[in-house]
Amino acid sequence: MPLELDLPPAKKFKPGSPLFALNKKPGMLLPRTGISSVPIEVQRKHLPIYQARTQLINRLRQLQSTILIGETGSGKTTQIPQYLYEAGIGRQGIVAITQPRRVAAISLAARVSEEKKSELGKLVGYTVRFEDVTSAETKVKFMTDGMLLREALGDRLLQRYSVVILDEAHERTLHTDVLFGVIKNAQERRKDKFPLKVIIMSATMDVDLFSQYFNNAPVLYLEGRQHSIQIFYTKQTQSDYLQAALISVFQIHQEAPSSHDILVFLTGQEEIEAMARTCRDIAKHLPDSCPQMTVVPLYASLPYMQQMKVFHVAAKGCRKVILSTNIAETSITIPGIKFVIDTGMVKAKRYNPDSGLEVLAVQRISKAQAWQRTGRAGREDSGVCYRLYTEEEFEKFNSMTVPEIQRCNLASVILQLLALRVPNVLAFDFISKPSPDSIRAAIEQLDLLGAVEQKDNQVILTALGKKMASFPLEPKFSKAILLSPEFHCTEEVLTIVSLLSVDSVLYNPPNRRDEVHSARRKFISSEGDHMTLLSIYRAFKNVNANKDWCRENFVNSRNMALVTEIRSQLRDICLKLGMTLESSRMDTGNVRRCLAHGLFMNAAELQPDGSYLALDSHQPVAIHPSSVFFNSKPSYVIYNELLHTSKCYMRDLCLVDAEWLHQAAPEYFRRKLRVVKS
DNA sequence: GAGCACTGC
């Protein structure tokens, strides 16, 4: 194996252009969280942001909308809410700080609460799904962006809040993007009565967009505590990024001290596991002069305990090499990374509103993502980033990742906007507009589900649509739940919808395939994946959620626990809506009939040649290998979703009668599907 | 005939 790659030294990278300068003293570096012998008040004063405190408070007092750009480690997220509170700004209400992720909301609340020397849930609290740690005293509230959006459904002016801080706005999550519009609207309508202060916090991106959106709001810059990172580009275009990554890993491995860990960004589970095997193989055959190597894979579907291995410090004389998906870009921060190897690739979903198809494909990252990856090398000390592409290639990357709202199905978002009584969803003030086609496709889908109707050229919610909006679910699943009383199977549908709301309750370790197969056989239903999941859930309840049972049956107990929580939340909503909850017991026909009424748009028909055609788009589709139907050929099926990878796969299938589909949406099937004979 | 980036309500 040739271990050389043309990696010329490139420019030094120092992100951002700070407005509030600060001398850097590396020796004074303090931990962001965790145990420290330094008193907390002292720690607060050593944060880069502290020197700008007075200026900041004065500016924030005057301004109604502010864009705050802060580098990693500036302390903006923990300090700004406290500064506001200490200065008496917004004391008439609550200061809300949104986060894209639950763990961030929870740990930030815990940290700030500790800094304020108060009990979590009193002055400082948090609200995430299933957990509300706040009280009447709470003045500083961390929450997920989705949670604030859900609260807005009940109070679209967000009257409890005096300040809303949208943190990590550059990530442009679906929820943050919708919140932009909701908050701007609330701010406008509240300006004479109870003004709403808005602070948008972001990394060094999208500044102009944010500022323009809030009527040219001023932009304040904060310096952080990022260390300098050297960047290397390849001299030539790499045709095989995996090979290039492998070479880079071992080049570093042979040259750098063994305590310097390496983080490699790859695209998916399979690729990572294959690369891990190759790395371990090569490492075994290196000369004794070379350090040892421990290879750690990291991706979301990995069980929790195995994910935790990235935090284990490697033994002395041993180098840790982490092979990760983009989960290490934002969600998991690994300390001690000296080298980042960036392949420049990512696996991501793209959405085509014409076909309604989501395509999962390996593609180029954006510049913003490249910087994010690079930044992972300089968190505690200076670092090095090897970019496995040329500088010319980098210059051609898109500058920003396309916001989620422009690459997903908008049915839920549009339903929420309608529930927020947005008069004309096509004209909603999105910070980045989705295409009119995808908005129209969403309205059409809601129309088919009976959630909306046209009145005087306006799209408005029906009574059913209003109820649908109260569930934290995709509209098709809310619809199935709301129809379930007609089929006397609400308990079963609640269970199934909850099971479909989590990643997967099935654990499939690749090297124990035969065991998995035989353990699972007893649950398999000839009626499809939904019914199979239902029987697994019933068995799980019968053994009182026993963990050993889960292990023996290759059931992910953590996800199963989550299913239980989701189910009880959905059940509560049903009860609030006054629904009667019945069980169909052994009658699974009714359950499938009910599912057909929610998922009729996702139906496929067996063709004479043994292939399947989607009834909606008439495109060829295939049964996903994870389905219990993989080796059989039912005539008509409904599926949860289509996933385009190597083929267009249907995931999670349920056997249905053609007749049920027609009953569910007679008009739709008459219009769309002449192919199907009644 | 053979496979699943990442969040969140």
Side-chain angles (χ1 to χ4, degrees), chain A residues 98-105 127-132 143-154 168 171-179 265-273 298-302 324-332 343 345-350 358-363 365 369 372 401 403-405 407-408 412-413 415-416 419 468-475 477-478 497-498 501-504 506-508 510 513 562 565-566 569-570 573 610-612 622-627 629-633 640-652:
Chain A
T98 69
Q99 294 293 319
R101 284 167 291 280
R102 292 167 56 95
V103 273
T127 306
V128 297
R129 190 179 187 182
F130 311 128
E131 255 189 290
D132 181 12
M143 58 206 301
T144 45
D145 48 12
M147 205 67 221
L148 185 59
L149 197 55
R150 200 129 275 277
E151 281 191 12
L153 290 177
E168 311 284 5
E171 288 192 28
R172 307 296 305 277
T173 70
L174 191 60
H175 292 148
T176 301
D177 261 29
V178 179
L179 275 177
F265 282 100
L266 296 166
T267 67
Q269 174 177 349
E270 228 181 55
E271 190 175 283
I272 286 169
E273 293 294 352
L298 179 64
Y299 44 87
S301 61
L302 209 59
S324 175
T325 60
N326 45 345
I327 193 171
E329 248 171 53
T330 49
S331 304
I332 295 181
T343 56
M345 305 305 278
V346 68
K347 196 181 281 182
K349 221 179 232 178
R350 274 183 293 202
E358 293 177 323
V359 182
L360 191 60
V362 172
Q363 49 197 296
I365 58 170
Q369 268 177 301
Q372 182 67 30
T401 311
E404 199 182 354
I405 202 156
R407 49 189 176 89
C408 71
S412 304
V413 168
L415 183 66
Q416 278 185 334
M468 282 167 66
S470 56
F471 289 95
L473 293 170
E474 272 182 63
F477 294 130
S478 318
V497 168
S498 306
S501 297
V502 304
D503 238 7
S504 176
L506 308 178
Y507 176 52
N508 297 312
R513 248 169 138 131
L562 190 59
E565 276 196 289
I566 293 173
Q569 184 190 26
L570 299 179
I573 297 171
S611 70
Y612 283 87
I623 296 176
H624 195 275
S626 66
S627 171
F629 283 149
F630 187 58
N631 289 310
S632 52
K633 296 201 180 293
N640 280 354
E641 59 169 359
L642 282 183
L643 187 77
H644 198 118
T645 49
S646 60
K647 270 188 198 169
C648 197
Y649 284 106
M650 304 178 272
R651 292 226 297 199
D652 296 312

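Note: hydrogens, waters and symmetry copies are ignored here, and every other heavy atom, side chains too, is used.
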*Asks:* Roughly how many Å is it from CZ in A:Arg172 to P in B:dC6, rounded to a whole number?
*Replies:* 22 Å
*Asks:* How long is the line joining CD of A:Glu271 and P of B:dG3, in whole Å?
*Replies:* 15 Å
*Asks:* Under 4.0 Å, heavy atoms only, any strand: does A:Arg101 hit a base, just the sugar-phosphate, or nothing?
*Replies:* sugar-phosphate
*Asks:* If we ignore hydrogens and angles and just use 3.5 Å, is the side chain of A:Thr343 paired with the main-chain N or O of A:Phe265 as donor and acceptor?
*Replies:* yes
*Asks:* Is any side-chain N or O of A:Ser646 closer than 4.0 Å to OP1 or OP2 of B:dA2?
*Replies:* no
*Asks:* Looking at the base of B:dG3, is there any donor atom on it, or on the side chain of A:Arg513, that sits under 3.5 Å from an acceptor on the other one?
*Replies:* yes
*Asks:* Which of these nucleotides, B:dG3, B:dG1, B:dT7, is closest to any side-chain atom of A:Lys647?
*Replies:* B:dG1
*Asks:* Between A:Ser412 and B:dC9, does any side-chain N or O lie under 4.0 Å from OP1 or OP2?
*Replies:* no
*Asks:* Select one nucleotide: of B:dG8, B:dC6, B:dA5, the one nearest the side-chain heavy atoms of A:Ile327.
*Replies:* B:dC6
*Asks:* Please report, rounded to the nearest Å, how far the C1' atom of B:dG8 is from the CD1 atom of A:Ile405.
*Replies:* 14 Å
*Asks:* What integer distance in Å separates A:Ile332:CD1 from B:dT7:C1'?
*Replies:* 12 Å
*Asks:* Pick base, sugar-phosphate or nothing for A:Phe471, based on heavy-atom distances below 4.0 Å to the nucleic acid.
*Replies:* nothing
*Asks:* Heavy atoms under 4.0 Å, any strand shown: does A:Glu329 hit a base, just sugar-phosphate, or nothing?
*Replies:* nothing
*Asks:* Does A:Asn508, at its CG atom, have more than 12 non-hydrogen atoms belonging to other residues, nucleotides or ligands within less than 6.0 Å?
*Replies:* yes
*Asks:* Tell me the interatomic distance from A:Asp503, atom CG, to B:dT7, atom P, rounded to whole angstroms.
*Replies:* 8 Å
*Asks:* Verify whether one side chain among A:His624 and A:Ser626 offers a donor that lies under 3.5 Å from an acceptor in the other.
*Replies:* yes
*Asks:* Can you measure A:Arg651 atom CZ to B:dG3 atom C1' for me and round it to whole angstrom units?
*Replies:* 9 Å
*Asks:* Could you please name the option among B:dG1, B:dC6, B:dG8 that lies closest to any side-chain atom of A:Lys349?
*Replies:* B:dC6
*Asks:* With a 6.0 Å cut-off (strictly less than), is the heavy-atom count around CD of A:Glu270, excluding the residue itself, greater than 12?
*Replies:* no
*Asks:* Is the phosphate of B:dC9, meaning OP1 or OP2, less than 4.0 Å from a side-chain N or O of A:Arg102?
*Replies:* yes
*Asks:* Using a 3.5 Å distance criterion without hydrogens, assess whether the side chain of A:Lys633 forms a donor-acceptor pair with backbone atoms of A:Gly610.
*Replies:* yes
*Asks:* Which is more 5' along DNA chain B, the nucleotide nearest A:Phe630 or the one nearest A:Thr267? Just name the residue.
*Replies:* A:Phe630
*Asks:* Please report the closest heavy-atom contact between A:Ser324 and A:Ile272, naming both atoms and the distance.
*Replies:* C-CD1, 3.6 Å
*Asks:* Are A:Thr325 and B:dC6 close enough that a side-chain N or O sits under 4.0 Å from OP1 or OP2?
*Replies:* yes
*Asks:* Kindly indicate whether the side chain of A:Asp145 and the base of B:dG8 share any N or O donor-acceptor pair separated by less than 3.5 Å?
*Replies:* no
*Asks:* Within the 4.0 Å heavy-atom criterion, would you say A:Thr144 contacts the bases, only the backbone, or no part of the nucleic acid?
*Replies:* sugar-phosphate
*Asks:* Is there a side-chain contact between A:Tyr299 and the phosphate of B:dC6, meaning an N or O under 4.0 Å from OP1 or OP2?
*Replies:* no
*Asks:* If you check the A:Tyr649 side chain, which of B:dA2, B:dC9, B:dA5 turns out closest?
*Replies:* B:dA2
*Asks:* Between A:His644 and A:Asn631, which is nearer to the 5' end of DNA chain B once each is assigned its nearest nucleotide?
*Replies:* A:Asn631
*Asks:* Please give, in whole Å, the distance from B:dA2 P to A:Tyr612 OH?
*Replies:* 16 Å
*Asks:* When the distance from CG of A:Leu298 to P of B:dA5 is rounded to whole Å, what number comes out?
*Replies:* 13 Å
